[in-house]
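Here the structure is laid out as structure tokens; the discussion comes afterwards.
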Amino acid sequence: MPHTPEEKQRVLARVRRVRGQAQALERALEAGTGCGAVLQQIAAIRGAVNGLMSQVLESHLREELGQPALSDRKRKARVDEVVGLVRSYLK
């Protein structure tokens with residue numbers, strides 16, 4: 001989760017952009033828009049979601065790995081969590 005007011009505003013702006021793109025896709029589908037334009041809109045949504053994920057993941061990495069771990073066990077737990085997040089992102 002973004003930790004500064006500026007990061008939070010940037011993330012919320014991205015979420016609103018994704019919502020707007022999804023609404024535009026819905027309207028295009030309802031209107032019977034051609035496949036090419038629909039696919040282009042889906043690709044735009046995918047790009048926006050990837051940008052959102054990247055931004056939040058970067059914030060999380062900086063927060064989690066930017067501070068020293070209290071123990072080897074905690075450090076391993078942090079790394080395991082980040083590896084899990086990256087794996088889910090890359091699916």
Side-chain angles (χ1 to χ4, degrees):
M1 180 64 196
H3 300 283
T4 67
E6 295 81 18
E7 285 179 332
K8 184 177 182 179
Q9 288 306 312
R10 283 193 302 267
V11 167
L12 286 171
R14 282 187 181 269
V15 168
R16 290 179 184 117
R17 214 170 300 131
V18 169
R19 182 177 53 220
Q21 289 173 321
Q23 290 169 341
L25 174 61
E26 182 179 7
R27 287 190 302 272
L29 290 169
E30 287 173 346
T33 303
C35 289
V38 167
L39 289 169
Q40 197 169 33
Q41 186 64 37
I42 292 169
I45 293 169
R46 182 183 62 197
V49 169
N50 283 343
L52 173 63
M53 178 69 172
S54 176
Q55 190 172 4
V56 173
L57 182 58
E58 179 182 344
S59 176
H60 182 68
L61 288 171
R62 290 183 188 282
E63 180 68 23
E64 284 297 313
L65 302 179
Q67 301 176 21
L70 299 175
S71 68
D72 287 342
R73 193 177 105 231
K74 288 209 182 256
R75 182 176 23 261
K76 182 184 178 328
R78 284 181 176 177
V79 170
D80 289 345
E81 178 191 9
V82 169
V83 167
L85 289 169
V86 170
R87 283 186 178 154
S88 70
Y89 175 65
L90 295 175
K91 281 186 177 180

- Task: For the pair Glu6 and Arg10, evaluate salt bridge (charged side-chain N to carboxylate O under 4.0 Å, His left out) and give the outcome as yes or no after the intermediate values.
- Result: CA-CA 6 Å; Glu6 295 81 18; Arg10 283 193 302 267; over 6 Å; no
Joint hydrophobic cluster, [X] plus [Y], side-chain heavy atoms closer than 4.5 Å:
X     : Y     : value
Leu29 : Ile42 : yes
Val86 : Leu61 : yes
Val49 : Leu12 : no

- From Arg19 CZ over to Ile45 CD1, what is the distance, rounded to the nearest 0.5 angstrom?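 Going from CZ on Arg19 over to CD1 on Ile45, the span is 13.0 Å.
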- Nearest-0.5 Å distance, CG of residue Leu57 to CG of residue Asn50: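 Reported value, rounded in 0.5 Å steps: 11.5 Å.
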So which heavy atom on [X] is nearest to which on [Y], and how close?
X     : Y     : value
Glu7  : Ser59 : OE1-OG, 3.5 Å
His60 : Leu85 : CD2-CD1, 3.4 Å
Ala48 : Val18 : CB-CG2, 3.6 Å
Ala24 : Gln41 : CB-NE2, 4.1 Å

- Query: Side chains of Arg17 and Arg14: closer than 4.5 Å at any heavy-atom pair?
  - Reply: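 Yes, close enough: below the 4.5 Å cut-off.
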- For Arg87 and Val83, run side chain to side chain contact (heavy atoms under 4.5 Å, CB included): C-alpha distance rounded to whole Å, both residues' side-chain angles, the deciding distance at 0.1 Å, then the answer. CA-CA 6 Å; Arg87 283 186 178 154; Val83 167; 3.7 Å; yes
- Task: Could you tell me which residues satisfy side chain to side chain contact (heavy atoms under 4.5 Å, CB included) with Thr33, sequence neighbours excluded, listed by chain and number?
- Result: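 In terms of side chain to side chain contact (heavy atoms under 4.5 Å, CB included), with neighbours along the sequence ignored, Thr33 is linked to Ala28, Ala31, Ala37, Val38.
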- Item | Residues Lys76, Asp72; criterion salt bridge (charged side-chain N to carboxylate O under 4.0 Å, His left out); working and verdict | CA-CA 6 Å; Lys76 182 184 178 328; Asp72 287 342; over 6 Å; no
- Message: Heavy-atom count check: over 12 atoms from other residues, nucleotides or ligands less than 6.0 Å from Arg46 CZ?
- Response: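 Count not over threshold, so no.
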- Task: Would you indicate whether Gln40, at its atom CD, is surrounded by more than 12 heavy atoms from other residues, nucleotides or ligands within a distance under 6.0 Å?
- Result: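 Not buried by this count: 12 neighbours or fewer within 6.0 Å.
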